[in-house]
Amino acid sequence: MERRVAERLGRALGPLGLEAHALKVGWYNAVLQPAFHLPYPDDTLAFVVLSTPSMFDKALKPFVNKERLKIIRDPVDQCVSHHLSRVKEKFPDQRVDVMFDYEMLPSRKPKFLAQTAAHVAGAAYYYQRKDVKVDPWGEKKIFGVCIHPKYGGWFAIRALLLFPDIQVPLLEQPAPVDCVSTEEKRIELLEQFNFHWQDGRYRDIIEVKERYSEEQKAYFATPPAERLRLLGLSQEAQ
């Protein structure tokens, strides 16, 4: 069953520059405090959805051009939401719950921890402070970051799709690719991500096969309020 769902998702999302990686809810819940657990049985099938560098041209720009006369507040979020709502239509006999990376619970906790989901699904390795043996940061707070074996840091985790009616007790968990394997590189990655994230150097901590285009880099480097202009949308019309 998981394979059929994965193939259908691949056909729907692949042409948009999106990837879907399977996981069981139990894998996710097993590594988190109860406050962050997903309220589904452990064997429930889920998929973490990533956007790859090609999503900008394959999905975002066509979406903006098509929706030009409608109100667009956040083009990327609305684009992903639009396409995942269409994906749900491809499973008319299944309940499909969608959680987006930006959604919060009333408690102000995120609905799901995106980087943890990507790690347990084997999609990208979530490098954290605990992955460094000799910690050089003392009392400083150090945030972790996911690195994709193909795209490095040139990707984003967008959503979690859950199929509450599909139980997959035999699904085997893939290990994420440990592509930043030396202590020195891990320290360099976490240093760059935490203290120099604006320059984006952490994204190239490994040799990548594809990265954001210059146009896409400029888009994400621009303050959100000014991004619409880069896509040819007038601020006044929004």
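A donor-acceptor contact shorter than 3.5 Å links the side chain of K88 to the backbone of V96. In this structure, Q115 contributes its side chain and G144 its backbone to a donor-acceptor pair below 3.5 Å. Between the side chain of T52 and the main chain of G17, a donor-acceptor pair closer than 3.5 Å is present. The backbone N or O of D77 lies less than 3.5 Å from no partner atom in the side chain of S81, so there is not a single donor-acceptor pair. E183 places no side-chain N or O within 3.5 Å of a backbone atom of V132 that could act as its donor or acceptor partner. With hydrogens and angles disregarded, no donor-acceptor distance shorter than 3.5 Å links the side chain of E226 to the backbone of T222.
Scanning all heavy atoms of the two residues, the minimum distance from P136 to I187 falls at CG-CG2, 4.2 Å. Of all heavy-atom pairs between V48 and A121, the closest is CG1-CB, 3.8 Å.
Residue Q198 qualifies as enclosed at atom CD: its count of foreign heavy atoms under 6.0 Å is above 12.
Checked for salt-bridge contact, R186 and E191 miss the test: no charged N lies under 4.0 Å from a carboxylate O. Ion pairing between a basic and an acidic side chain is recognised when a charged N comes within 4.0 Å of a carboxylate O; E89 and R86 show no such pairing. A salt bridge links D97 and R95; the closest N-O separation between the charged side-chain nitrogens and carboxylate oxygens is under 4.0 Å.
Remark: K140 qualifies as a cation-pi partner of F195 under the 6.0 Å distance and 45° angle criteria applied to the six-membered ring.
Proximity of C146 to I157: side-chain heavy atoms (C-beta onward) are separated by under 4.5 Å at one or more points. For the pair Y151/P53, a side-chain contact is recorded, criterion being any heavy-atom separation below 4.5 Å from C-beta on. Side-chain atoms of F91 and V5, non-hydrogen and from C-beta on, do get closer than 4.5 Å to each other. Proximity of L13 to E19: side-chain heavy atoms (C-beta onward) are nowhere separated by under 4.5 Å. By the 4.5 Å heavy-atom criterion applied to side chains, K61 and E215 are counted as neighbours. Within the 4.5 Å cutoff, the side chain of K58 has no heavy atoms near those of the P15 side chain. A 4.5 Å side-chain heavy-atom check between R227 and P75 finds every atom pair outside the cut-off. The shortest side-chain heavy-atom distance between V49 and L160 does not fall under the 4.5 Å cut-off.
For F63 and H82, the gap between ring centers is short of 6.0 Å. Ring centers of Y212 and F220: under 6.0 Å apart, within the cut-off.
Annotation: the span from I147 atom CD1 to Y127 atom OH amounts to 7.5 Å, rounded to 0.5 Å. Between the CG atom in L32 and the NE2 atom in H37 there is a gap of 6.0 Å [rounded to 0.5 Å]. Atom CG in D165 sits 10.5 Å away from atom CG in D93 (nearest 0.5 Å). For the atom pair L9 CG and E2 CD, the distance stands at 9.5 Å (nearest 0.5 Å). For the atom pair CG (D57) and CD (Q216), the distance works out to 7.0 Å, reported to the nearest 0.5 Å.
Taking hydrophobic clusters as Ile, Leu, Val, Met, Phe, Trp and Tyr residues chained together by side-chain heavy-atom distances below 4.5 Å, F100 shares a cluster with M55. Residue L105 is not grouped with residue F112 when hydrophobic side chains (ILVMFWY) are merged at heavy-atom distances under 4.5 angstrom, including chains of intermediate members.
Applying the ring pair (Phe, Tyr, Trp, His ring centres under 6.0 Å) test between Y202 and each of F143, W154, F193, W197 identifies F193 as the sole match. Applying the side-chain contact (heavy atoms from CB on, under 4.5 Å) test between K24 and each of L45, N29, D43, T44 identifies D43 as the sole match.
The salt bridge (charged side-chain N to carboxylate O under 4.0 Å, His left out) contacts involving residues 114-124 comprise nothing, where partners must be two or more places apart or lie in separate chains.
Shown here are the side-chain contact (heavy atoms from CB on, under 4.5 Å) partners of P176, two or more places apart in sequence or in another chain: H119, Y125.
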